[in-house]
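I have placed the structure first, in the form of structure tokens, so that the comments after it can refer back to it.
Quick caveat: nothing in here was measured; it's all calculated off a predicted structure.
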Amino acid sequence: MVRVRPGFRAEMARARSWLALAWLFVACVAAQAQTPADKQRADTDCLLNALKTAPDEQAAAILEQQLQQIWLHAGTPAVTLLMSRGVRSLQAGETDEAVESLSDAITLQPDAAEAWHQRAIARYHAGDVTGAIRDLEETVRLEPRNFAAFRTLSEIAASRDDWKGAYAAWQKVLEIDPKTLGGEERLRFLRKRALGEET
């Protein structure tokens, strides 16, 4: 009888999941489009499809980071610069400056969904909850698969004890990104708070 060393099966499963993820990346790269905008759309679609079928949380996290980078750099060079400035200001706690830079980015390119999302975060930290929610609504109107915007919406709703809203938004996160880190555990928590159901 062949003895399998402890952990071998888990290692093999992990290797298979990484191999599947690598194959998806190759497929995305192979699907070259004509223009930069077309290529960006094709890459986004490919990565979002891969995210929906990610084998585990580690693979999902890599795909999430890739998508965030694409969305942050989706605008013109001027818009990308303003968004970078806004994100840096937000990270430094300079919310007014962040809102200003991100508002300028939106003025230059109103269809830059991630600029709306980042401004929503800045507005929320500045205490403008109503403005933040409006910006999140615009984000998901422009990019209905922006899992990060639904995550932000869920967090804002939870902070206001709007558990049904937080639960509904988190359901959207998992619909787009089923393997997001701690996703199922968070869903059970929000379901219990929203509906009073035992987990």
Side-chain angles (χ1 to χ4, degrees), residues 13 17 20-21 24 41 43-72 74 83 86-87 90-91 93 95 98-99 102-103 105-106 110-199:
S17 72
L21 185 60
L24 286 166
R41 274 192 293 276
D43 288 348
T44 299
D45 289 344
C46 193
L47 289 167
L48 282 163
N49 288 336
L51 188 64
K52 206 166 182 112
T53 58
D56 54 38
E57 291 181 347
Q58 286 180 316
I62 292 170
L63 292 165
E64 287 172 8
Q65 289 172 2
Q66 293 280 328
L67 283 158
Q68 288 286 328
Q69 286 306 306
I70 288 174
W71 287 332
L72 282 168
M83 285 180 64
V87 170
L90 183 57
Q91 289 168 345
T95 53
V99 168
L102 294 162
S103 295
I106 289 165
D111 65 347
E114 190 59 22
W116 290 92
H117 178 218
Q118 293 299 323
R119 190 175 75 172
I121 296 169
R123 281 183 159 173
Y124 176 68
H125 286 291
D128 180 8
V129 176
T130 303
I133 292 171
R134 275 200 311 266
D135 282 356
L136 288 168
E137 288 169 350
E138 185 62 17
T139 304
V140 298
R141 187 189 73 76
L142 291 165
E143 177 47 86
R145 302 166 298 175
N146 191 322
F147 56 89
F150 284 112
R151 182 181 290 133
T152 303
L153 189 58
S154 182
E155 290 168 2
I156 290 173
S159 74
R160 303 171 73 202
D161 293 332
D162 173 11
W163 298 109
K164 287 188 177 178
Y167 176 54
W170 196 259
Q171 286 178 301
K172 290 296 292 181
V173 172
L174 291 187
E175 183 182 308
I176 301 161
D177 186 4
K179 296 292 185 183
T180 193
L181 183 64
E184 288 297 331
E185 182 182 351
R186 180 72 177 165
L187 185 71
R188 286 191 295 272
F189 169 77
L190 292 172
R191 182 190 295 127
K192 185 174 181 182
R193 297 304 299 260
L195 308 175
E197 294 181 4
E198 290 299 323
T199 55

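Residues W163 and F189 form a side-chain contact, since some pair of their non-hydrogen atoms from C-beta on lies under 4.5 Å apart. Looking at D43 and Q66, their side chains never come closer than 4.5 Å, going by heavy atoms from C-beta outward.
Taking CD of E143 as the start and CD1 of I176 as the end, the distance is 8.0 Å to the nearest 0.5 Å. Between I133 atom CD1 and Y124 atom OH the span is 9.5 Å, to the nearest 0.5 Å. L190 CG to K164 NZ: the interatomic distance, rounded to the nearest 0.5 Å, is 13.5 Å. Going from atom CG of L90 over to atom CZ of R123 covers 13.0 Å, rounded to the nearest 0.5 Å.
For K52 (side chain) and E175 (main-chain N/O), a donor-acceptor pair under 3.5 Å exists by modelled atom type. With hydrogens and angles ignored, the 3.5 Å screen pairs no side-chain donor or acceptor of S154 with any backbone N or O of R151. No side-chain donor-acceptor contact under 3.5 Å links W170 to the backbone of E184.
Each of R141, E114, Q68 was compared with N146 under the side chain to side chain donor-acceptor pair (under 3.5 Å) criterion, and only E114 meets it. Applying side chain to side chain contact (heavy atoms under 4.5 Å, CB included) to L63 and the options T53, L51, T180 leaves one that passes, L51.
Summarising the geometry of A126 relative to T95, their closest heavy-atom pair is CB-OG1, 3.8 Å, with the distance given to 0.1 Å. Nearest approach of A105 to A115, heavy atoms of both residues: CB-CB, 4.3 Å. Considering all non-hydrogen atoms of both residues, A148 and H117 come closest at O-NE2, 3.5 Å. Here the closest heavy-atom approach between residue A113 and residue L142 is recorded as CB-CB, 3.7 Å. Summarising the geometry of T139 relative to A149, their closest heavy-atom pair is CG2-CB, 3.7 Å, with the distance given to 0.1 Å. When all heavy atoms of R186 and A158 are compared, the closest pair comes out as NH2-CB, 3.8 Å.
In summary, R145 and D177 do not engage in a salt bridge, as defined by a charged side-chain N under 4.0 Å from a carboxylate O. A salt bridge links D135 and R119; the closest N-O separation between the charged side-chain nitrogens and carboxylate oxygens is under 4.0 Å.
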- Task: Any chance you could lay out the side-chain contact (heavy atoms from CB on, under 4.5 Å) test for I156 and L136, step after step, and finish with the verdict?
- Result: CA-CA 10 Å; I156 290 173; L136 288 168; 3.8 Å; yes
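Ring pair W71/F147 is tilted by interplanar angle, where 30° to 60° counts as tilted.
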